Number of protein chains: 2
Amino acid sequence: MRWEDLDREHCSLARTLSVIGDRWTLMVLRECFLGMHRFEEFEARLGIARHVLADRLKKLAEAGVLAKHLYQERPRREEYRLTETGLDLYPVILGLVQWGDKHMAGTEGAPLLRVHKTCGKVMDGVVVCSECGEPVRARDVRVEAGPGAGEETLPRPARAS
Amino acid sequence: MRWEDLDREHCSLARTLSVIGDRWTLMVLRECFLGMHRFEEFEARLGIARHVLADRLKKLAEAGVLAKHLYQERPRREEYRLTETGLDLYPVILGLVQWGDKHMAGTEGAPLLRVHKTCGKVMDGVVVCSECGEPVRARDVRVEAGPGAGEETLPRPARAS
DNA sequence: AAAGTGGGTTCCAAAAGAGAACCTGTCAAG
DNA sequence: CTTGACAGGTTCTCTTTTGGAACCCACTTT
């Protein structure tokens with residue numbers, strides 16, 4: 001299977017991964033969420049090869065996750081900013097970071113803490129059900145075919161999702 | 001930068017990506033959350049090259065995300081099951097799927113719907129603050145150095161995370 | 001004895017990545 | 001008016017990782 005075919009798959013995960021399913025892409029997005037915008041900043045903080053960085057930024061811009069923003073004419077300079085679509089990826093980044101904090105942190109503990117500006121406390125993100133508000137775990141959820149389902153999407157017996 | 005170096009980085013995202021930051025790995029995990037356990041199931045549903053699948057399953061098992069489970073002696077047959085550590089990745093998978101449902105779905109709509117067994121309704125996951133229970137968006141959060149922080153982890157001015 | 005099954009490993013060619021050098025506007029200093 | 005610096009890339013070669021197919025092995029069924 002080629003990765004360009006992935007965005008035509010009948011699976012939202014596969015379609016998402018065709019845009020951001022790459023180590024460097026996720027690292028670039030982390031830097032964006034930390035407030036970085038410029039080519040040089042990404043390069044210096046990540047140690048990524050320049051042509052790979054250029055490629056990832058281009059693809060993220062094409063996908064509408066980042067937008068180029070002119071911050072200086074003559075010489076023309078552009079920076080990259082998260083769009084609303086990009087900001088919607090926050091739950092993914094937060095999920096990855098929290099999993100790392102819990103399962104991969106050394107003895108010292110988490111490198112970064114998150115403070116909720118609204119309530120002022122150090123927080124974690126918790127995933128709750130949009131309908132009843134209860135926390136959701138994998139075992140609490142079952143899948144059903146949706147409007148855009150293909151035949152092959154569903155598992156044979158519908159089990160946990 | 002080499003990817004083996006990533007798990008020594010002072011960043012939970014990088015450490016997480018050193019384990020699951022790979023397209024195929026995430027696709028394998030999707031299948032696990034859909035109830036698949038066997039080598040042949042993964043191969044048939046994903047169209048992944050067999051040696052890549054073998055490699056990913058081995059690494060996931062070494063990382064403690066999947067556990068090998070003997071389901072038959074003579075001939076010896078093993079399947080892969082999510083551990084508690086693996087089940088903790090559900091928020092990540094859910095985040096990716098929901099982003100895809102929202103931004104990458106075609107005209108037909110989402111391929112799969114999720115039903116919350118507890119309340120019986122079709123649901124989405126919503127990320128809320130562990131302290132105040134309000135929904136959390138990227139703009140509502142600021143980062144601070146945590147106990148395991150290194151110098152280079154923090155952005156110069158602490159902005160949005 | 002032959003074919004099937006589950007779970008792999010081995011081979012080669014193609015694609016993606018690392019690392020370094022080079023290019024393009026533009027300004028500022030000597 | 002030449003030299004250097006800066007931001008943001010592109011091009012080059014070399015190594016690593018994939019994709020795709022074939023092969024292997026321990027058993028069971030026909």
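Everything quoted here is computed from the prediction, not taken from an experiment. In what follows, chains carry the letters A, B, and so on, assigned in the order in which the sequence lines appear, proteins first and then strands, with residues in each chain numbered from 1.
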J.: Which residue pairs pass the salt bridge (charged side-chain N to carboxylate O under 4.0 Å, His left out) test with at least one member in residues 95-104 of chain A, sequence neighbours excluded?
T.: A:D101-A:R114, A:K102-B:D88
J.: How do A:P75 and B:E78 order along DNA chain C: which one's closest nucleotide is nearer the 5' end?
T.: B:E78
J.: Can you measure A:D55 atom CG to C:dA18 atom P for me and round it to whole angstrom units?
T.: 11 Å
J.: Tell me which nucleotide among C:dG19, D:dC27, C:dG7 gets nearest to the side chain of B:F39.
T.: C:dG7
J.: Tell me whether B:R56 forms a cation-pi arrangement with B:F42, defined as NZ or CZ under 6.0 Å from the six-membered ring centre and within 45 degrees of its axis.
T.: no
J.: Considering just the side-chain nitrogens and oxygens of A:R56, establish if one lies under 4.0 Å of OP1 or OP2 belonging to C:dG17.
T.: yes
J.: Calculate the interatomic distance between A:E73 atom CD and C:dG25 atom C1'; express it in whole Å.
T.: 13 Å
J.: Strictly distance-based, threshold 3.5 Å: is any side-chain N or O of B:T25 a donor or acceptor partner for the main-chain N or O of B:G21?
T.: no
J.: Would you say A:L94 ends up clustered with B:L87 if hydrophobic residues are merged whenever their side chains have heavy atoms under 4.5 Å apart, either directly or through other cluster members?
T.: yes
J.: Is a donor-acceptor contact shorter than 3.5 angstrom present between the side chain of A:R76 and the base of C:dG25?
T.: no
J.: Which nucleotide in the set C:dA18, D:dG19, D:dA22 lies at the smallest distance from any side-chain heavy atom of B:H51?
T.: D:dG19
J.: A:K58 has an atom NZ; how far is it from atom P of D:dG9, in whole Å?
T.: 11 Å
J.: Between C:dG6, C:dG17, D:dG9, which nucleotide has the shortest distance from any of its atoms to the side chain of B:E40?
T.: C:dG6
J.: Rounded to the nearest angstrom, tell me the gap between atom CG in B:L53 and atom P in C:dG8.
T.: 8 Å
J.: Looking at every strand, decide which applies to B:Y71 at a 4.0 Å heavy-atom threshold: base, sugar-phosphate, or nothing.
T.: sugar-phosphate
J.: Output the single nucleotide from D:dG8, C:dA18, D:dT10 whose closest atom is nearest the side chain of A:A49.
T.: C:dA18
J.: Would you kindly give the CD1-to-P distance between B:I48 and D:dT18, to the nearest whole Å?
T.: 9 Å
J.: Before accepting this row, confirm whether a basic side-chain N of the pair A:R142/A:E144 lies closer than 4.0 Å to the acidic partner's carboxylate O.
T.: yes
J.: Expressed in angstrom and rounded to an integer, what is the separation of B:R23 atom CZ from D:dT18 atom P?
T.: 11 Å
J.: Taking only side-chain N and O atoms of A:W24, does any of them lie within less than 4.0 angstrom of OP1 or OP2 on C:dA16?
T.: no
J.: Consider the side chain of B:R77, meaning its heavy atoms from C-beta on, and name the nucleotide among D:dG8, D:dA26, D:dT18 that approaches it most closely.
T.: D:dA26
J.: Look at the side-chain N and O atoms of B:Y80 and state whether any lies under 4.0 Å from the OP1 or OP2 oxygen of C:dG6.
T.: no
J.: Measure CG/B:L46 against P/D:dT18 and give the value in whole Å, please.
T.: 15 Å
J.: Figure out the CG/P separation between B:D22 and C:dA15, and round it to whole Å.
T.: 19 Å
